[in-house]
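Protein chains get the first letters and strands the later ones, always in sequence-line order, with residue 1 at the start of each. Side chains are part of it too, since the values below use all heavy atoms of this structure and drop only hydrogens, waters and symmetry mates.
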Protein chains: 2
Amino acid sequence: MAEKSAGSAANVAHVTLTRALALGSRQPSIKDIARLARVSHPTVSRALQNSPLVSAETAARIRKIAEEQGYRASAVARGLVTRRTRTVGLIVTSVDDPFASEVACGVEEVASDRGYAVLLANSHADPERERRVVQELAERRVDGLVVTSSRVGALYLPLLKNLDVPIVLVNDQYPGEFVHSVTIANQEGMRAATDHLIGLGHRRIAYLGDSNGYRSDTERLAGFQEALADAGIDFERELAVEGDGRPEATMEAMNRLLRLKRPPTAVCCYNDMTALSVIRAVRAHGLRVPADVSVTGFDDLFFAAYLAPALTTVRHPMRRMGQMAMENLFKLMSGQESIAQIKVGAELIVRESTGKVPKRGRHHGQ
Amino acid sequence: MAEKSAGSAANVAHVTLTRALALGSRQPSIKDIARLARVSHPTVSRALQNSPLVSAETAARIRKIAEEQGYRASAVARGLVTRRTRTVGLIVTSVDDPFASEVACGVEEVASDRGYAVLLANSHADPERERRVVQELAERRVDGLVVTSSRVGALYLPLLKNLDVPIVLVNDQYPGEFVHSVTIANQEGMRAATDHLIGLGHRRIAYLGDSNGYRSDTERLAGFQEALADAGIDFERELAVEGDGRPEATMEAMNRLLRLKRPPTAVCCYNDMTALSVIRAVRAHGLRVPADVSVTGFDDLFFAAYLAPALTTVRHPMRRMGQMAMENLFKLMSGQESIAQIKVGAELIVRESTGKVPKRGRHHGQ
DNA sequence: CCCCCGATTGCACACGTGTACGAGTGCAAT
DNA sequence: ATTGCACTCGTACACGTGTGCAATCGGGGG
């Protein structure tokens, strides 16, 4: 007797995964457990939910049998009757994008903490595909939706009314406001970066945007212009160019800037990925960062601190924003009204990619 | 009549998302559609599945009404009866890990192409948590499972028999073989990197491993040792150290190497993230890469090419491996037997972080 | 002794869909 | 005229779970 229990205790690690089923070959259903415990299946259901309506001994017995059989209630059957799947959809542009994956991590974190699962889908920044993906998630009856960098944005409004699936947007790119969103202070952040450059003596500062970032690009450019205006520097149209997200396009845009008669001494990039390509283009021209050209990023992706020179950038608390989005979504799903739009602050992180303006006439400038 | 259709055509973009429901406020069920079409609900079911058992006209009428009502069949109800959810579980260490997110991207890609959804879960490289997460996914009745960098590995075997959920492991870290896995040629890859350094004249080469990468770390170390042996270089125990995944631990390990009486002139890192910290530590000592110390990585994460100096590393086709894992999983799910273990080749990418061995006595060496 | 009440438990249903089977047509073959 | 078949469609289930309600039991108060 004593040896027997000792023996099974030794197997405990295995047991968690094995638990041979004495019935058929398929997974046991609640009725199988009920039969083994000689009770009705509702009693099993209640016992497993710690309902007070079932006696302690019966509950213990049922739980023991369920454990032995490795029984796990089917979430799909439960979802059918409760009309809640305890699942949320998460739409990102692409999981391998460092920005998106950080947000995803925050979302998964708090969802998982509350027993929710996350259905992942990529939109690839394609409005058409984003719409399709939303439909597929709706078909799977997710309880809520988090969408990062949405290109559809306000178009969700009607869907919201009919499907009544709460939606929270992170870093919404659609012009105009959506009901629930978590965004960063784009304008203020870029303004801080620009101010920093101006403080270092730069006067010819370029802005290298991204046509993919509809709204945030617009806002960041606005912050850039605001800083120039307040410093009494004229905004020169030729110094504001943009890429389309692809490294080649960004490098080409930067090349155009460097070939200008009077090239900029500093460039504010739409984000860190842009800055990566910009630095590359600068070096391809035989110039140094920051000695010849200062560069700022935006987002503070994990590798920004590891670059040489380490990137001066604006911190975008992506993971935290993912958490906030999910927390907000939970409030919406539980019916309570919550803050509609959350705007988080952007913090300038000064590192090594920015420096004082070079003595004039360094390169092909006059 | 003509104007009417023209009007609705103009709204087509909106229509996709709106489709007001003329019934209650909840989503329409198949019965609602059946009532509107004056048929039985099985007929609706068949019509929407393009079954030949329903006449073309009836099917068209039903589809039109379903479309108008914005009807989407509930995947959960369907899953209950068909016993297939068209959903796979994906367990990664952490989505914000560049390695994992690349794999995830590959998995999502092919799953999505075939109409499958992906349930995402983080294991945080914790065996206990990994087990819990597997149970939760099983509860949700996923049709299959992809696990990256598993710490449980072969322990899935019993689960496999009972739950009959096909499992494919990517970059399995558990010692010993698992049934279905996709792994990289760790030993050959690291051997190529080491050979490259030896070819550059290096003799004192260190290996900086990672205690988290149980199996791959062992295999890569083996490749390292093999290269040394074949070149007639003694393997010195003091030159093989390891971190635990945290940047601080890696930097500390590298510091120990640099404080050695005869420090290494080159170091093979377990992976790119390790190399990042190593380079940082080297610079903190006032030394340069590769002039004073050559560094190699492993994985070829996207930023490797952007570092200064660009990182010499071993290409790990992570996205492709994710695709392969998912393709293999599809075969398993459809019942066909497939290749058990897939081993992909590793390709050395020579960039700028490795160079010829420095003239002796450069720094505190003798 | 009867009635009522609290504590347990079972019964019957519902959730929304897919599918085997039978029923009802219309038409051609016998 | 009857039979058989191809074609459509509806009926009756089943999937596995949760929950309102009735039923049963035991006990205490009147």
Side-chain angles (χ1 to χ4, degrees), chain A residues 21 23-63 65-66 69-87 138-143 163, chain B residues 21 23-63 65-66 69-87 138-143 163:
Chain A
L21 179 58
L23 307 159
S25 67
R26 77 179 192 299
Q27 301 183 38
S29 83
I30 196 172
K31 288 178 187 166
D32 296 323
I33 306 302
R35 197 176 319 120
L36 263 55
R38 302 185 177 286
V39 292
S40 67
H41 80 265
T43 302
V44 175
S45 172
R46 287 188 268 256
L48 265 34
Q49 298 178 63
N50 299 322
S51 162
L53 286 89
V54 53
S55 77
E57 314 91 74
T58 316
R61 182 164 50 93
I62 292 175
R63 274 195 288 268
I65 294 178
Q69 297 297 324
Y71 169 73
R72 306 234 80 194
S74 160
V76 13
R78 177 185 298 142
L80 184 57
V81 46
T82 63
R83 317 179 71 87
R84 319 194 94 232
T85 52
R86 294 182 76 82
T87 301
E139 192 165 325
R140 287 192 153 78
R141 301 296 189 259
V142 293
D143 293 339
L163 242 40
Chain B
L21 178 59
L23 308 160
S25 65
R26 79 181 189 299
Q27 299 184 39
S29 83
I30 196 172
K31 289 179 187 167
D32 297 322
I33 306 302
R35 197 177 318 122
L36 263 55
R38 302 186 176 285
V39 292
S40 68
H41 80 265
T43 302
V44 175
S45 173
R46 287 188 269 256
L48 296 174
Q49 298 179 62
N50 298 321
S51 161
L53 284 79
V54 54
S55 77
E57 314 90 74
T58 317
R61 181 164 51 94
I62 291 175
R63 273 195 288 268
I65 294 179
Q69 298 298 324
Y71 169 72
R72 306 235 80 195
S74 161
V76 13
R78 176 185 300 142
L80 185 57
V81 46
T82 63
R83 316 180 74 86
R84 321 194 92 231
T85 52
R86 294 182 74 83
T87 301
E139 192 165 328
R140 287 193 153 77
R141 300 297 187 259
V142 293
D143 294 339
L163 241 40

To the nearest angstrom, the CZ-P distance between A:Arg38 and C:dG10 comes to 12 Å
Give a yes or no answer on whether the side chain of B:Arg84 reaches the backbone of B:Asp143 with a donor-acceptor pair at less than 3.5 Å. no
Is the backbone N or O of A:Ala138 less than 3.5 Å from a side-chain atom of A:Arg141, with the two atoms forming a donor-acceptor pair by type? yes
side-chain contact (heavy atoms from CB on, under 4.5 Å) with B:Ile30: of B:His41, B:Arg35, B:Arg78, only one passes, and it is B:His41
B:Asp32 vs B:Gln69, test: side-chain contact (heavy atoms from CB on, under 4.5 Å). Steps then yes/no. CA-CA 9 Å; B:Asp32 297 322; B:Gln69 298 298 324; over 6 Å; no
Do the side-chain N or O atoms of B:Ser55 get closer than 4.0 angstrom to the phosphate oxygens (OP1, OP2) of D:dC9? yes
When you measure from the side-chain N and O atoms of B:Thr58 to the phosphate of D:dC9, is any distance below 4.0 Å, counting only OP1 and OP2? yes
Which letters describe nucleotides 14-28 of chain D, given B = protein heavy atom under 4.0 Å from base, S = only from sugar-phosphate, - = neither? -BBBBBB--------
All N/O pairs under 3.5 Å across the protein-nucleotides 22-25 of chain C interface:
none

Gap between atom CD1 of B:Ile65 and atom CZ of B:Arg38 - 0.5 Å precision: 9.5 Å
OG1 of B:Thr43 to CG of B:Leu53, rounded to nearest 0.5 Å, is 10.0 Å
Mind checking B:Val76 for me? I need base, sugar-phosphate or nothing, with any heavy atom below 4.0 Å counting as a touch. nothing
Taking the side chain as everything from C-beta on, heavy atoms only, tell me whether A:Arg63 gets closer than 4.5 Å to A:Asn50. yes
Side chains of B:Arg72 and B:Gln27 in contact at under 4.5 Å (non-hydrogen atoms): no
Sort out the partner of C:dT30 for me: Watson-Crick or G-U wobble, both distances under 3.5 Å, none otherwise. D:dA1
